[in-house]
Enquirer: 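The structure's right below; bear with me while I get my questions together.
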Amino acid sequence: DGEVDNRTVVEAILTALGRPADAFDFVTEASLPRRRRACSKAKDDSTRRMTCPRRRPLVRCRMVRFEVLTAVIIENGVKLKLNLIDTPGYGDLINNEHCWEPIVKYIKDQYSIYLRKELTAVRERHIPDTRVHVVLFFINPSGHSLRPIDIQMLKKLGDIANVIPIIAKADTLTMEEREAFKHRVRNELQENSIRVYPFDHEDYDDEERELNSQVQAMLPFAVVGSTKVYDVDGMPVRGRQSRCGMINIEDPSHCEFVQFRNFLLRTNLHDLIDTTTYTYYESFRSKQLLALKESSAKQQQQHQQQYQQ
């Protein structure tokens, strides 16, 4: 039916690696339509009316939900555990004011859980890491620009986690439209001072900065997701079949899925985890410990005052 759920991009990564790698989390935007409702016209003797199959009751207020999918990738004897977190309900309300708050709270809550376990007197040898190491932000392929809600969301996320912008369902755009859209998105990210991954560190050398510049020039990744495999001239091809032909998601001339997969799971995997640990989590940890110290000092001062009275 031409519709692909946002998470199929990540599912396709797992399938492409051939096997269903520690604690690597994703939060994705679920604002794109999840399914097309097919309506059919039905006639009777006197009237013509619209009927919609599987009609659902009217939902007046839909909150953001968190759906976690855990998978293990085994490649060359190396295991990598993936926690994929989808957020259906984001941006689906008429009034989307502060709709990003549940997602931001979820990310900070994972930092808090890790910090509490880290500060335990007798802690585990290996602390389970549920921190969100990267946010895959799927952009509606409108071909125009980012929505105001997207800009606000990206600003909030960029302060607490690694964010990688992605154009979903990129096959709905022509190559010219895709490049123009990517250029407009990059300009908007720069104009609004939105921090997206990758970004340069002070300790990077010239070679690392050059590699980062190449990736930054490619952002946002234009991807097409599919878990279906077709037989093309006797060769298995993972892609999508349309009236215009076969879209091979692993063909770099069709989309940037392969570049995105390699960037995410191979070349920058450890850097994403390190950036979370030494940049975002460390900032959160410092603020929490400072607040705890100030609160303790304030309570001690109050006890002294009460004792003196």
Side-chain angles (χ1 to χ4, degrees), residues 4 6-19 21-29 71 73-76 78-85 131-139 141 154 157-158 161-171 175 178-179 181-183 185-186 189-190 194-201 203-227 238-239 247-280:
V4 178
N6 294 339
R7 72 169 63 193
T8 59
V9 174
V10 180
E11 291 175 352
I13 295 176
L14 305 181
T15 308
L17 289 176
R19 291 158 295 276
D22 186 17
F24 199 70
D25 301 297
F26 301 81
V27 178
T28 62
E29 182 198 5
I73 295 177
I74 303 177
E75 188 175 38
N76 296 328
V78 178
K79 292 184 179 180
L80 179 66
K81 181 180 178 182
L82 296 175
N83 292 325
L84 314 177
I85 307 171
R131 295 173 297 178
V132 176
H133 294 292
V134 62
V135 177
L136 304 182
F137 192 87
F138 289 88
I139 301 172
L154 286 168
L157 292 175
N162 298 307
V163 180
I164 300 178
I166 302 169
I167 300 175
K169 303 179 183 178
D171 54 322
M175 300 302 293
R178 183 188 302 179
E179 290 304 316
F181 187 39
K182 287 162 68 81
H183 181 70
V185 170
R186 284 196 296 268
L189 293 175
Q190 185 175 4
I194 297 174
R195 190 182 193 185
V196 296
Y197 185 87
F199 43 84
D200 293 333
H201 292 283
D203 55 345
Y204 276 7
D205 55 28
D206 292 339
E207 183 178 357
E208 290 173 319
R209 292 179 185 275
E210 177 62 26
L211 291 174
N212 271 0
S213 298
Q214 294 176 6
V215 176
Q216 290 166 358
M218 189 180 296
L219 294 178
F221 290 103
V223 301
V224 180
S226 177
T227 56
R238 183 174 291 104
I247 301 171
N248 183 357
I249 69 170
E250 295 184 329
D251 187 343
S253 65
H254 290 186
C255 70
E256 297 168 345
F257 175 82
V258 173
Q259 295 93 319
F260 165 66
R261 179 186 62 189
N262 293 338
F263 172 76
L264 183 66
L265 295 180
R266 292 173 180 167
T267 61
N268 288 68
L269 176 62
H270 292 292
D271 186 64
L272 283 164
I273 298 175
D274 289 343
T275 302
T276 298
T277 301
Y278 300 116
T279 301
Y280 296 109

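Quick note: residue numbers are just sequence positions, from 1. Everything quoted here is computed from the prediction, not taken from an experiment.
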Enquirer: Apply the test side-chain contact (heavy atoms from CB on, under 4.5 Å) to residues Leu189 and Leu219: give CA-CA distance (whole Å), side-chain angles for both, the deciding distance (0.1 Å), then the verdict.
Expert: CA-CA 10 Å; Leu189 293 175; Leu219 294 178; 5.9 Å; no
Enquirer: For the pair Gln214 (side chain) and Leu211 (backbone), establish whether a donor and an acceptor sit closer than 3.5 Å, ignoring hydrogens and angles.
Expert: no
Enquirer: Atom CZ of Phe263 and atom CG of Leu269: how far apart are they, to the nearest 0.5 Å?
Expert: 11.0 Å
Enquirer: Please find the pair of heavy atoms, one from Arg178 and one from Ala170, that lie closest to each other, and give the distance.
Expert: NH2-O, 3.5 Å
Enquirer: Listed by chain and number, what are the side-chain hydrogen bond (donor to acceptor under 3.5 Å, both in side chains) partners of Thr279, not counting sequence neighbours?
Expert: none
Enquirer: To check you understand the geometry: which heavy-atom pair defines the closest contact between Ile166 and Pro220, and what is its length?
Expert: N-CB, 4.1 Å
Enquirer: Judged by atom type as modelled, is there a donor-acceptor pair below 3.5 Å linking the side chain of Glu250 to the main-chain atoms of Val258?
Expert: no
Enquirer: Enter the distance from Ile164:CD1 to Leu157:CG here, rounded to the nearest 0.5 Å.
Expert: 12.5 Å
Enquirer: Is the backbone N or O of Val78 less than 3.5 Å from a side-chain atom of Asn76, with the two atoms forming a donor-acceptor pair by type?
Expert: no
Enquirer: Can you label the angle between the Phe260 ring and the Phe221 ring as parallel, tilted or perpendicular, going by 30° and 60°?
Expert: tilted
Enquirer: Would you say that more than 12 heavy atoms from the other residues, nucleotides or ligands in this model lie under 6.0 Å from the CG of Asp205, or not?
Expert: yes
Enquirer: Would you give the length of the straight line joining atom CD of Glu210 to atom CG of Asp200, rounded to the nearest 0.5 angstrom?
Expert: 10.5 Å
Enquirer: Would Asn212 and Phe199 satisfy side-chain contact (heavy atoms from CB on, under 4.5 Å), going step by step from the backbone distance to the final call?
Expert: CA-CA 7 Å; Asn212 271 0; Phe199 43 84; 6.0 Å; no
Enquirer: To check you understand the geometry: which heavy-atom pair defines the closest contact between Ala161 and Val132, and what is its length?
Expert: CB-O, 4.4 Å
Enquirer: As an exercise, state the distance from CZ of Arg131 to OH of Tyr280, rounded to the nearest 0.5 Å.
Expert: 13.5 Å
Enquirer: Under 3.5 Å, is there a donor-acceptor pair between the side chain of Arg238 and the main chain of Ile249?
Expert: no
Enquirer: Closest heavy-atom contact between Pro141 and Phe181?
Expert: CA-CE2, 4.1 Å
Enquirer: How long is the straight-line distance from NE2 of His133 back to OG1 of Thr276, given to the nearest 0.5 Å?
Expert: 5.5 Å
Enquirer: Quick check on side-chain contact (heavy atoms from CB on, under 4.5 Å): which of Asn268, Leu264, Val163 does Val134 satisfy it with?
Expert: Leu264
Enquirer: Residues in side-chain hydrogen bond (donor to acceptor under 3.5 Å, both in side chains) with Asp274, at least two apart?
Expert: none
Enquirer: Between His254 and Ile247, is there a donor-acceptor pair closer than 3.5 Å when you use the side chain of the first and the backbone of the second?
Expert: no
Enquirer: Counting only heavy atoms not in Tyr278 (residues, nucleotides, ligands), do more than 12 fall under 6.0 Å from its OH?
Expert: no
Enquirer: With a 4.0 Å cut-off, would you call Glu256 and Lys182 a salt bridge?
Expert: yes
Enquirer: If we ignore hydrogens and angles and just use 3.5 Å, is the side chain of Asn162 paired with the main-chain N or O of Tyr197 as donor and acceptor?
Expert: no
Enquirer: Could you give the distance from SG (Cys255) to CE (Met175), rounded to the nearest 0.5 Å?
Expert: 9.5 Å
